[in-house]
Amino acid sequence: AEVHWEGVVDSSADEMYHSLFRYEGNGLRKLRAPFACTVLELNSKLAANPNGPEILDAEREEGGGWIVQLEARERDLEGALKEGD
């Protein structure tokens with residue numbers, strides 16, 4: 001998978017409208033799972049609009065959304081965990 005990214009720095013003001021944002025850069029990062037797996041499904045809303053509001057659901061810790069669904073054999077996953085990947 002490839003992730004296109006952009007980075008900004010926030011001045012961390014007390015209110016969002018007081019913040020100053022500075023563009024830092026962008027890039028492309030290739031990702032791979034540390035175990036053999038099959039991609040079952042991509043979240044089509046995120047794929048169609050990765051900067052849209054649905055990304056907030058994907059980032060929530062509890063009850064958050066999902067980005068990709070994978071299928072892997074248990075032994076492949078256990079092997080990656082043992083190797084520290």
Side-chain angles (χ1 to χ4, degrees):
E2 294 180 347
V3 174
H4 298 264
W5 62 271
E6 290 185 1
V8 295
V9 174
D10 177 5
S11 64
S12 299
D14 61 340
E15 297 287 339
M16 183 97 165
Y17 62 91
H18 290 149
S19 292
L20 298 174
F21 295 94
R22 184 178 74 239
Y23 177 77
E24 285 291 308
N26 62 21
L28 172 72
R29 177 78 176 184
K30 293 189 178 201
L31 301 176
R32 68 169 187 86
F35 49 85
C37 62
T38 301
V39 174
L40 298 178
E41 188 175 358
L42 292 173
N43 184 323
S44 60
K45 289 182 181 178
L46 287 177
N49 187 10
N51 294 320
E54 290 83 6
I55 193 65
L56 298 176
D57 290 335
E59 293 177 346
R60 286 192 336 213
E61 288 184 27
E62 289 188 34
W66 58 279
I67 296 171
V68 63
Q69 291 181 347
L70 303 175
E71 180 177 66
R73 293 183 303 192
E74 190 172 341
R75 67 177 180 226
D76 292 335
L77 185 56
E78 287 175 349
L81 291 172
K82 287 179 184 175
E83 294 173 17
D85 291 338

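Note that these values count all heavy atoms, side chains included, but never hydrogens, waters or copies made by symmetry.
Here L81 contributes atom CG and E74 contributes atom CD; the two are 10.0 Å apart, rounded to the nearest 0.5 Å. Summarising the geometry, atom OG1 belonging to T38 is positioned 8.5 Å from atom CG belonging to L70; distances are rounded to the nearest 0.5 Å.
The nearest pair of heavy atoms linking A72 to A36 is CB-O, 3.6 Å.
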